[in-house]
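See structure below.
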Amino acid sequence: MLARVNTLRTATEKLSGEFSLSREEAQRSLSDQVLQGLMAHGYAIHDKRSDRYAVSAAGRRMLADQANG
């Protein structure tokens, strides 16, 4: 469980640092499985019009909560 959380945190940090990624960039940088995990946990959002992924409000809260605690 801890390894999965660390992976999702690292991926959320990466996505946050890039502001947004295209599907191809996200799959290359994060892997499809990690991208799907971010989406499943609500840490990333997908803008279907531009086909780009970005950190969600929940992802930003998770990063802030873990930085503070």
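Residue numbers start at 1 and run along the sequence shown.
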(request) Starting at OG1 of Thr7, measure out to CD of Gln33 and round the result to the nearest 0.5 Å. (result) 9.5 Å
(request) Specify the closest pair of heavy atoms between Leu8 and His41, including all atoms of both residues, with the distance to one decimal. (result) CD1-CD2, 3.3 Å
(request) Could you walk me through whether Leu35 and Tyr53 pass the side-chain contact (heavy atoms from CB on, under 4.5 Å) test, one step at a time? (result) CA-CA 9 Å; Leu35 179 59; Tyr53 293 86; 3.7 Å; yes
(request) Drop me the distance from Ile45's CD1 to Leu38's CG, to the nearest 0.5 angstrom. (result) 12.0 Å
(request) Indicate yes or no for a side-chain donor-acceptor contact from Ser31 to the backbone of Gln27 under 3.5 Å, with no hydrogens or angles considered. (result) no
(request) Tell me, with the steps shown, if Glu25 and Ser22 meet side-chain hydrogen bond (donor to acceptor under 3.5 Å, both in side chains). (result) CA-CA 5 Å; Glu25 292 167 331; Ser22 69; 3.3 Å; yes
(message) One pair to check against side-chain contact (heavy atoms from CB on, under 4.5 Å): Asp51 and His46. What are the steps and the verdict?
(response) CA-CA 7 Å; Asp51 198 24; His46 179 226; 2.7 Å; yes
(message) Can a donor-acceptor pair be found, under 3.5 Å and without considering hydrogens, that links the side chain of Arg52 to the backbone of Asp47?
(response) no
(request) Could you tell me which non-hydrogen atom of Met62 sits nearest to which non-hydrogen atom of Arg9, and how far apart they are? (result) CE-CA, 4.0 Å
(request) Ignoring hydrogens and angles, tell me if any N or O in the side chain of Ser56 forms a donor-acceptor pair with the backbone of Gly42 under 3.5 Å. (result) yes
(request) Write down the atom of Ser20, the atom of Ala54, and the distance for their closest heavy-atom approach. (result) CB-CB, 4.3 Å
(request) Please name the pair of heavy atoms, one in Ala11 and one in Val34, separated by the smallest distance, quoted to 0.1 Å. (result) CB-CG1, 3.3 Å
(message) Between the side chains of Lys14 and Glu18, is the shortest nitrogen-to-carboxylate-oxygen separation below 4.0 Å, so that they form an ion pair?
(response) yes
(message) Minimum heavy-atom separation for Ser16 and Leu63, please, with both atom names.
(response) CB-CD1, 4.3 Å
